[in-house]
A.B. asks: 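Please find one structure pasted underneath; my questions will follow.
Per chain, numbering begins at 1; letters A, B, ... match sequence-line order. Keep in mind that what you see is a predicted model, and the values were worked out from it rather than measured.
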Amino acid sequence: MLARLQTATFFPIFKTNVNGLCHLLFNQLCTKIESTQVTESPEVPSWAKVNPASVYEDDDSVSPTVTSWIEGRRLDDPRKVAQRFLGETTESDVVTISKILNKRYSSPEEVAEALDGCDISISENKVERLMKRYSHDWVVAFGVFKWAKVQAWYTHSPKLYNFMVDILGKAKQFHLMWEQIEEMNNLGGYISWFTMAKAMRRLARAGKYKEAIDAFRGIERFGLRKDVTALNNLMEALIKENSVEHAYEIFSEFKKLVQVNDISFNILINGWCKVRRLDDAKKIMEDMEKHGFLPDEFSYSCFLNVYCHDKDFQKVYALLDEMRDKGCRPRVVTYTIVMHALGKAKKTNEALGFYEKMIESSCVPDAPFYNSLIFILGKAGRLKDAREVFYSMPKQGVTPSAITYTTMISCACDYSREDEALKLLKKMERASCKPDIKTYTPLLKLFCKKKRMEVLYFLLNHMINNNVRIDVEAYSLLITRLCKSEEVEHACSFFEEMVSKGMVPRDSPYKRLITELEARNMVEAKEYIEKLMLNAKGIIC
DNA sequence: CTTTAATCAC
């Protein structure tokens with residue numbers, strides 16, 4: 001067992017650069033090896049040599065269609081995958097760019113310089129895709145941006161400048177962010193409300209509330225006006241980033257200068273409700289009426305949210321009565337909030353009563369409403385009903401969203417419906433709905449539990465192809481769940497993989513893995529994992 | 001592409 005582990009743990013499944021093309025190509029190559037390799041080879045771990053044809057032999061639950069889907073995907077040509085995200089890029093460009101961008105760089109200038117030495121054709125589409133791909137890595141993204149800017153026959157559009165501003169803001173490179181905004185200002189006509197909204201949002205997210213407010217104060221310098229929407233934008237950003245206090249301050253200061261509207265009041269009501277300061281929210285509601293605006297279903301739903309969160313249905317019903325008395329009709333959002341909360345509180349029938357009520361009042365259900373309905377039916381174990389609602393959506397003129405698929409998948413996983421869960425993922429892909437980490441989490445859990453390694457690797461590939469990062473959280477899940485399933489070798493392999501990508505494992509999966517190795521008396525493997533952990537921690541120190 | 005609420009995982 002130890003020998004097996006050692007081949008497994010020393011197999012570099014991923015190259016060090018996590019999100020690069022190289023990694024993607026390499027990973028695809030691994031799957032290719034995995035599904036085609038017949039003879040023994042020292043570099044390939046034993047688990048990777050599963051003969052795909054035999055995997056499903058004793059498992060009737062997986063239909064041939066899903067099986068062939070998985071198999072077909074595993075044999076994907078890695079270059080095709082790379083091309084899918086680089087668009088019309090030629091094959092030689094893919095190889096050239098991947099080689100360049102997957103090295104480690106200390107500055108954007110270095111990246112630009114490296115790109116400069118090559119003969120690569122340029123298009124706005126390609127620059128955008130590359131920036132998107134590297135949007136979490138501002139050094140590379142900014143390098144690509146700087147390189148493209150000086151190419152002949154090429155000028156960045158305002159859209160790409162905005163994107164760059166956002167990437168720099170996300171990376172908290174505010175000095176560079178402002179530099180870009182100044183540059184846009186000099187170009188003339190490049191700055192829009194979108195630019196400033198992004199900048200204010202990123203500043204607020206970094207806790208720089210004062211700077212976000214200053215950006216608003218100086219907005220006229222960029223040819224924009226301090227109108228009510230700009231003010232609302234700022235308040236929205238401050239509230240979303242946890243400072244309703246600053247939002248209220250700025251509102252108080254500017255309400256004399258700017259003609260505020262009902263939306264301004266609602267944003268504040270929502271802000272105070274989110275931090276459970278209901279008295280302050282009520283004060284805003286009174287203030288709203290003094291300014292001649294009647295509270296609407298939006299204003300009330302802020303309070304409903306709080307009561308629903310507390311499962312205080314007495315207050316929910318009282319408020320619904322109050323709304324009725326004041327002639328404020330519930331909307332689909334109102335029904336969704338209440339129905340969802342009742343369903344979560346296991347009051348399924350009461351929740352479904354609201355569905356009836358909504359239909360009676362000729363309110364039209366939308367996707368989020370159906371998602372809630374599917375969710376509560378699933379939680380109540382009514383799989384058949386959930387499925388029926390899901391399949392009835394198109395007939396009702398509502399297109400299932402990514403969340404619809406995620407809800408259905410999560411529900412199928414809860415009841416260990418492996419085949420159904422994979423079929424839904426396939427359907428989701430066909431519908432061009434983008435899966436996110438929430439889509440994959442229940443699937444990863446289920447297939448860890450079922451010890452279906454070949455499906456796990458398929459899913460991890462699927463994530464990479466869909467630009468969903470396999471982050472520390474995902475690795476923790478894999479390691480912990482595989483330990484639970486007594487698949488310690490695979491858990492070790494994932495541990496090594498995450499360390500090789502420069503991540504620092506969380507304590508809890510690490511301890512779990514060590515305990516598991518100790519219990520099995522796998523001394524060497526334990527020492528190896530301990531060494532890896534020390535290395536990983538050393539990198540940040 | 002000017003602005004506000006609800007739905008999926010831990």
A.B. asks: Of the options B:dA5, B:dC1, B:dT7, whose atoms approach the side-chain atoms of A:Phe194 most closely?
C.D. replies: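 Looking only at side-chain atoms, A:Phe194 lies closest to B:dC1.
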A.B. asks: When you get a sec, tell me which of B:dA6, B:dT4, B:dC1 is the closest nucleotide to the side chain of A:Lys274?
C.D. replies: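 Of B:dA6, B:dT4, B:dC1, B:dA6 is nearest to the side chain of A:Lys274.
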A.B. asks: Looking only at the side chains, is there a donor atom on one of A:Lys149 and A:Tyr154 sitting less than 3.5 Å from an acceptor on the other?
C.D. replies: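 No donor-acceptor contact under 3.5 Å links the two side chains.
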A.B. asks: Is it the case that over 12 heavy atoms from other parts of the model lie below 6.0 angstrom from the CZ atom of A:Arg331?
C.D. replies: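 12 or below, so no.
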A.B. asks: Check every atom of B:dA6, B:dC8, B:dC1 against the side chain of A:Lys159 and return the nucleotide holding the closest atom.
C.D. replies: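 Closest nucleotide to the A:Lys159 side chain: B:dC1.
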A.B. asks: Could a donor-acceptor pair under 3.5 angstrom be found where the side chain of A:Ser372 meets the base of B:dT7?
C.D. replies: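 Side chain to base: no pair below 3.5 Å.
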A.B. asks: Classify the ring geometry of A:Phe265 against A:Phe293: parallel below 30°, tilted from 30° to 60°, perpendicular beyond 60°.
C.D. replies: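 Answer is tilted, since the angle falls between 30° and 60°.
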A.B. asks: Check every atom of B:dA6, B:dT4, B:dA9 against the side chain of A:Lys438 and return the nucleotide holding the closest atom.
C.D. replies: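 Nucleotide nearest to A:Lys438's side chain: B:dA9.
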A.B. asks: Considering only heavy atoms and no angle criterion, is a donor-acceptor pair shorter than 3.5 Å present between the side chain of A:Ser301 and the base of B:dA5?
C.D. replies: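 Donor-acceptor pair under 3.5 Å: yes.
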A.B. asks: Answer yes or no on whether A:Lys450 is positioned over the face of A:Phe447, meaning its NZ or CZ is under 6.0 Å from the six-membered ring centre and within 45° of the axis.
C.D. replies: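 The answer is no; the distance or angle limit is not met.
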A.B. asks: Tell me: CZ of A:Phe298 to C1' of B:dA5, nearest whole Å?
C.D. replies: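 Checked: the CZ to C1' distance equals 4 Å.
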A.B. asks: For the side chain of A:Asp436, starting at C-beta, report the closest nucleotide among B:dA6, B:dC8, B:dC1.
C.D. replies: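 Among the listed nucleotides, the one closest to the side chain of A:Asp436 is B:dC8.
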A.B. asks: Contact list please: residues 231-240 of chain A against DNA chain B, heavy atoms, distance less than 4.0 Å, in numerical order.
C.D. replies: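 Listed by number, they are A:Asn232, A:Asn233, A:Glu236, A:Lys240.
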A.B. asks: Between B:dC8, B:dA5, B:dT3, which one does the side chain of A:Asn270 approach most closely?
C.D. replies: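 Per side-chain heavy atoms of A:Asn270, the pick is B:dA5.
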A.B. asks: What residues form a side chain to side chain contact (heavy atoms under 4.5 Å, CB included) with A:Ala367, not counting sequence neighbours?
C.D. replies: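 For A:Ala367, the residues satisfying side chain to side chain contact (heavy atoms under 4.5 Å, CB included) (neighbours in sequence not counted) are A:Val398.
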A.B. asks: Given B:dT7, B:dA5, B:dT4, which nucleotide is nearest the side-chain atoms of A:Ile263?
C.D. replies: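 Output: B:dT4.
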A.B. asks: By nearest atom, which of the nucleotides B:dC1, B:dC8, B:dT4 is closest to the A:Trp193 side chain?
C.D. replies: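 Closest of the options to the side chain of A:Trp193: B:dC1.
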